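None of the values given here were measured: they were computed from a predicted structure.
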Amino acid sequence: FNGQPVTPGVSRVADSLLLARELATLLTGQRTAEGSLDFDLPEAKIILNKQGEVLELGDKVRLESHRLIEEFMLAANRAVAFEAFSKDQPFLYRVHEKPAMAKLTAFSEMMGRLGHTFHASEHIKPIQFARFLQQVKGRPEEDFINELMLRSMQKAIYQGENIGHFGLAFTHYTHFTSPIRRYPDLLVHRLIRKLRQGKYPAPFARRVTGLIDRVSGHCSETERVAEAAEREGVRTKQVSFMARHVGDEFEGIISGTVASGFFVRLTSLGAEGMVRLSSIDDDYYHYDEKQYRIIGRHTGRIFRMGDPVKVVVDSVKTELNEINLTLAATGKGPKGLEEEKPRRRSRSSRRRHRRK
């Protein structure tokens, strides 16, 4: 696909691969036209040695070959779900509800504060989200907006009732393609085998609905637990790695703002740390909550989500999974100016002070 020399083994299937590439492109175009969402968010890559120590941090690169396989997996999952649905038999589906109106409204308001227009509606369609993502593509805050949109969505789950998949804009969807690493897919394979004659054998038919209900609930819950464990594990490894880089300078992007400072995602490593306002000693800074930005009271200097910054790793607290950063330009002052500058006393207070 990249025009590089290929081995004899690959050349034997080159024609098939090029045909697959053409088909995947058509499938992607059709899916996108229907409003299917594709959240291309950074995914952490962590290289470990045999002792489990981190050798390298970064982001996984999503190649065209990955996208090709993903497209065919989506097509297979969709086809299997439709086949089972057409037989009108109990089945395990992967479903995704439409976003709740409260979350849609909150997302719309937040986009307005960032200077974008997104219309929330009870009758919203996936295509509206897809078009909005195209509008912000390439902007500094693109990753942040993708994350916010993803958070505004409902969580996809497993269940026996087919209500479709909102995010993919599919009316029928299941998980079928990964039976060696995901139990729902294994169950779907077993159900398909049982449906070879168009319906389940009588003994199995009597218990299949209860089986699907139990498995779907269990797998939906364990998926949430596994995702949380994965996030915690990634964060632990990132913090462990950054502990060896205290004092080093990195480029990053502001990924979030809070009253006490702002978070920075290190561009080359994917790890995230915090710059506290108390470490910026060139002005008084206050948090503009409505606009999700931090503004210098006298200089007018602004820190907002999506802005590029250079930072220095100031300290790492492995027991708290915490990475503390300072701005490379200013370094770390002894205290924030808000703490250092005394408040102006009232006249009565000054009189009392003189008496003392």
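The structure places CG of L57 at 7.5 Å from CE of M242, a figure rounded to the nearest 0.5 Å. Within the model, atoms CD1 of I127 and CG of L37 stand 8.5 Å from one another, a figure rounded to the nearest 0.5 Å. To the nearest 0.5 Å, atom CZ of residue R293 and atom CD1 of residue I254 are 12.5 Å apart. Between atom OG1 of residue T209 and atom CZ of residue R214 there is a gap of 10.5 Å, rounded to the nearest 0.5 Å. One finds the CD atom of E70 at 9.5 Å from the OG atom of S65 (value rounded to the nearest 0.5 Å). Residue S152 holds its OG atom at 9.5 Å from CE of M110, rounded to the nearest 0.5 Å.
At distances below 3.5 Å, at least one donor-acceptor pair connects side-chain atoms of T222 with backbone N or O atoms of C219. The closest donor-acceptor contact from the side chain of R131 to the backbone of Q128 lies at 3.5 Å or more, if one exists at all. In this structure a side-chain-to-backbone donor-acceptor pair under 3.5 Å is present from S86 to E83. Looking only at distances, no side-chain donor or acceptor of S240 sits under 3.5 Å from a matching main-chain atom of T236. A donor-acceptor pair is defined here as one N or O able to donate and one able to accept, closer than 3.5 Å; no such pair exists between the side chain of K317 and the backbone of N324. For the pair E142 (side chain) and G138 (backbone), a donor-acceptor distance under 3.5 Å is present.
Within 6.0 Å of atom CD in E251, 12 or fewer heavy atoms from other residues, nucleotides or ligands are found, so the atom counts as exposed in its surroundings. The local environment of CD in E322 is crowded, with over 12 non-hydrogen atoms from other residues, nucleotides or ligands closer than 6.0 Å. Within 6.0 Å of NZ in K60 there are 12 or fewer heavy atoms belonging to other residues, nucleotides or ligands. Applying the 6.0 Å contact sphere to NE2 of H218 captures no more than 12 heavy atoms from other residues, nucleotides or ligands. For N2, the CG atom sits in a loose shell: 12 or fewer heavy atoms of surrounding residues, nucleotides or ligands are nearer than 6.0 Å.
Two residues are said to be in side-chain contact when any heavy atoms from C-beta on lie closer than 4.5 Å; R235 and E272 meet this criterion. Residues V136 and M111 are not in side-chain contact: their nearest non-hydrogen atoms beyond the backbone lie 4.5 Å or more apart. Under the 4.5 Å side-chain criterion, counting only non-hydrogen atoms from C-beta, R297 is in contact with D283. Inter-residue side-chain proximity for L68 and R21 is flagged as met; some heavy-atom pair is nearer than 4.5 Å. Within the 4.5 Å cutoff, the side chain of K155 has heavy atoms near those of the E223 side chain. The closest side-chain heavy-atom distance from F132 to I145 is below 4.5 Å. For the pair L19/E22, a side-chain contact is recorded, criterion being any heavy-atom separation below 4.5 Å from C-beta on. The shortest distance between side-chain heavy atoms of L27 and L23 falls below 4.5 Å.
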Q) Checking side-chain contact (heavy atoms from CB on, under 4.5 Å) for the pair M149/L133: CA distance, chi angles, key distance, verdict? A) CA-CA 9 Å; M149 183 180 288; L133 289 179; 3.7 Å; yes
Q.
Using salt bridge (charged side-chain N to carboxylate O under 4.0 Å, His left out), reason through R62 and E43 one step at a time and then give a plain yes or no.
A. CA-CA 9 Å; R62 194 178 176 200; E43 185 179 354; over 6 Å; no
Q: Start with the C-alpha gap between M73 and S178, add the side-chain angles, then the distance that decides, and say whether side-chain contact (heavy atoms from CB on, under 4.5 Å) holds.
A: CA-CA 9 Å; M73 289 172 73; S178 303; 4.0 Å; yes
Q | side-chain contact (heavy atoms from CB on, under 4.5 Å) assessment of N162 paired with H172 | A | CA-CA 7 Å; N162 178 36; H172 309 81; 3.4 Å; yes
Q.
As a quick check of understanding, evaluate side chain to side chain donor-acceptor pair (under 3.5 Å) for N321 and E232, giving each step before the final call.
A. CA-CA 9 Å; N321 263 359; E232 186 71 12; 3.2 Å; yes
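Shown here are the side-chain contact (heavy atoms from CB on, under 4.5 Å) partners of R231, two or more places apart in sequence or in another chain: E227, A228. Evaluation of the side-chain contact (heavy atoms from CB on, under 4.5 Å) rule for M101 yields L104, T105, A120, E122 as partners, not counting sequence neighbours. Every residue two or more places apart in sequence or in another chain that forms a salt bridge (Lys or Arg N to Asp or Glu O under 4.0 Å) with R182 is listed here: D185. E249 is linked by a salt bridge (Lys or Arg N to Asp or Glu O under 4.0 Å) to nothing, counting only residues two or more places apart in sequence or in another chain. Residues meeting the salt bridge (Lys or Arg N to Asp or Glu O under 4.0 Å) test with E161, sequence neighbours left out: none. Every residue two or more places apart in sequence or in another chain that forms a side-chain contact (heavy atoms from CB on, under 4.5 Å) with N49 is listed here: Q51, E53, L55. When the salt bridge (Lys or Arg N to Asp or Glu O under 4.0 Å) test is applied to K45, the partners found at least two apart in sequence or on another chain are E56. Among residues two or more places apart in sequence or in another chain, the ring pair (Phe, Tyr, Trp, His ring centres under 6.0 Å) test is passed with F129 by F118, F166. For I253, the side-chain contact (heavy atoms from CB on, under 4.5 Å) partners two or more places apart in sequence, or in a different chain, are T267, P308.
Between H165 and F170, a ring centre-to-centre spacing not shorter than 6.0 Å is recorded.
F241 and I46 end up in the same hydrophobic cluster when Ile, Leu, Val, Met, Phe, Trp and Tyr side chains are linked at under 4.5 Å. Y285 and V309 fall within the same hydrophobic cluster, where Ile, Leu, Val, Met, Phe, Trp and Tyr residues are linked whenever their side-chain heavy atoms come under 4.5 Å apart, directly or through other members. In the hydrophobic clustering of ILVMFWY residues, with side-chain heavy atoms under 4.5 Å counting as a link, V312 and L266 come out apart.
Taking the six-membered ring for Trp and thresholds of 30 and 60 degrees, Y173 and H175 have ring planes more than 60 degrees apart, a perpendicular arrangement. In this pair, F262 and F303 present their aromatic rings parallel. The plane angle is below 30°, not in the 30 to 60° band.
Partner of V275 under the side chain to side chain contact (heavy atoms under 4.5 Å, CB included) criterion, chosen from I280, T326, I294: I280.
Ion pair E64/R67 not flagged as a salt bridge, since none of the NZ, NE, NH1 or NH2 atoms sits closer than 4.0 Å to an Asp/Glu carboxylate oxygen. We find that E34 and R78 are joined by a salt bridge, their nearest charged nitrogen and carboxylate oxygen being less than 4.0 Å apart. For D59 and R265, the salt-bridge test passes: some basic side-chain N is under 4.0 Å from an acidic carboxylate O.
The hydrophobic cluster containing I302, built from Ile/Leu/Val/Met/Phe/Trp/Tyr side-chain heavy atoms closer than 4.5 Å, also comprises I295. Residue V208 shares its hydrophobic cluster (ILVMFWY side chains chained together at separations under 4.5 Å) with V80, F85, F91, L92, Y93, V95, I157, Y158, I163, F176, Y183, L186, L187, V188, L191, I192, L195, Y200, F204, L211, I212, V215.
Sorted pairs that involve residues 55-79 and meet ring-ring contact (aromatic ring centres under 6.0 Å, His included), not counting sequence neighbours, are lacking altogether.
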